[in-house]
2 protein chains.
Amino acid sequence: MDKRRAARIDQVLNAAADCFVEFGFHGAGMAKIAKRASMSVGHIYHYFENKEAIIAAIVDRESELAAERFAEFEEVPRDELVHVMTERVDEMVDSKADAFQSVLNLEILAESQRNPQIACIMRQHDEEVRELFRSMLKDKLNLPDAEARTELLLSLFGGLASRIIRHPELDRHTLIPLIKQVMHLALEPCDKDDKRKSE
Amino acid sequence: MDKRRAARIDQVLNAAADCFVEFGFHGAGMAKIAKRASMSVGHIYHYFENKEAIIAAIVDRESELAAERFAEFEEVPRDELVHVMTERVDEMVDSKADAFQSVLNLEILAESQRNPQIACIMRQHDEEVRELFRSMLKDKLNLPDAEARTELLLSLFGGLASRIIRHPELDRHTLIPLIKQVMHLALEPCDKDDKRKSE
DNA sequence: AGCAATAGATAGAACGTTCATTCTAACGTT
DNA sequence: AACGTTAGAATGAACGTTCTATCTATTGCT
């Protein structure tokens, strides 16, 4: 039976994600993970070589999930793309306010700076997302500098998550229109009338 | 002698910051911190009640430093402000690429989600920075929605740091002009001609 | 069908290490 | 001699990991 094994692994990963959010990668012990997974400590080692492997699996799973969320936009026809993307800003902000996701992402980001294996997994997924965005902007919207526009948008969305942690009471109703303005700037070819500004 | 004491404390904080960047708040042990501070483990406890206090001191110091960096703009006269701010984007991006600062900030951000004391320190400093920005935009530039514009800029800058970790090879030469465009959008009262977009 | 053998699932104790913290004894300066 | 300063051993708890034992279910042979 292979289903059972997969289910158990998922059980461990869910428990681990919980603990990692609550205590951090290094603050969460195997004992806590085991207890939350309703499993013995030793048994976890039948599914994962060590704690690092659990962290790596979590990073992989979480990054894949994030990538899938972006992939939705690929199905949108080109003349609706800008409209759909700007319309989804509200739920985007809401999702960034989800502490679970945000903290896990921060933990991953910090860990990637000291663990090359994590960095590798993370960058692979980021490249995926980046290429998806880039090709959308270039092929669907015929935009120049698609790479830079992608980086701008990803910076903004990524920053939103940290911002909400720093200032949870922030007034979304006045911020969201501003974000939409930036998105229009990034999603429409208004490059030329701007070179006047760059001194 | 009070100078000596202050110097020793700084010695511990510097060593601790180093270790926290390299191993994380919970991955760094007192033994490592002591060794890097050229000090005995036990002696650190004469300056700090416990490890948490060291973390708190680091968070405080680092947040204050970040706030001071922003405070420079307060001295700039109002008719040069937009110019100066957009001109400093390049060094801003460079500073965000400094792994030391970025990782420490991520660690702080993640820790603030699970340690209320850290969250408190961090939010106090963020409020300081936010108010500084807000009053600058409102009083010096006479901008409406100064709060929202502040949040947008802080999101963007904060996101830039995470973005560079995710994609260090990112092409800054094409991204920076885009960032400057966003800054002009956020620093100039072009609110009206945009309501057309918000459906 | 019925027994033997095997493989995987599971729990929990045991290991050596490292952790944060405390304690004690020695040091250097006055 | 006294006092603040320092080093490092001592402590017990917690860590990640390994080991062993028991249990369950499937497979192969007759």
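Here is the naming used below: chain letters follow the sequence lines, and residue numbers restart at 1 for every chain.
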At a cut-off of 3.5 Å, list every protein nitrogen or oxygen paired with a nitrogen or oxygen from nucleotides 27-30 of chain C, distance to 0.1 Å.
none

Contact under 4.0 Å: Arg8(B) side-chain N or O vs dT6(D) OP1/OP2: yes
Glu49(B) atom CD, neighbour heavy-atom count above 12 within 6.0 Å: no
Positions of residues 9-36 of chain A (non-hydrogen atom under 4.0 Å from DNA chain C), listed by number: none
Test applied, side-chain contact (heavy atoms from CB on, under 4.5 Å); reference residue, Leu152(A); option that passes from Thr174(B), Leu160(B), Leu156(B): Leu156(B)
Near-strand residues of residues 45-62 of chain B, defined as heavy-atom separation under 4.0 angstrom from DNA chain D: His46(B), Tyr47(B)
Partner residues of His26(B) under the side chain to side chain contact (heavy atoms under 4.5 Å, CB included) criterion, sequence neighbours left out: His26(A), Glu111(B), Arg114(B)
Closest to the Met39(B) side chain, choosing from dA9(C), dT21(C), dA7(D): dA7(D)
Set of residues satisfying salt bridge (Lys or Arg N to Asp or Glu O under 4.0 Å) with respect to Glu22(B), sequence neighbours excluded: Arg36(B)
Polar contact flag, side-chain donor to acceptor under 3.5 angstrom, His167(A)-Glu151(B): yes
Heavy atoms from other residues, nucleotides or ligands near NZ of Lys138(A) exceed 12 (cutoff 6.0 Å): no
Mutual orientation of the aromatic rings belonging to Phe73(A) and Phe70(A) [parallel < 30°, tilted 30-60°, perpendicular > 60°]: tilted
Residue whose nearest DNA chain D nucleotide is more 5′ - His43(A) or Ser40(B): Ser40(B)
Salt-bridge criterion met for Asp145(A) and Arg134(A) (N-O under 4.0 Å): no
Pairing residues for Asp94(B) by the salt bridge (Lys or Arg N to Asp or Glu O under 4.0 Å) criterion, not counting sequence neighbours: Arg172(B)
Atom pair CZ (Phe23(A)) and CG (Asp18(A)), whose distance is rounded to the nearest 0.5 Å: 9.5 Å
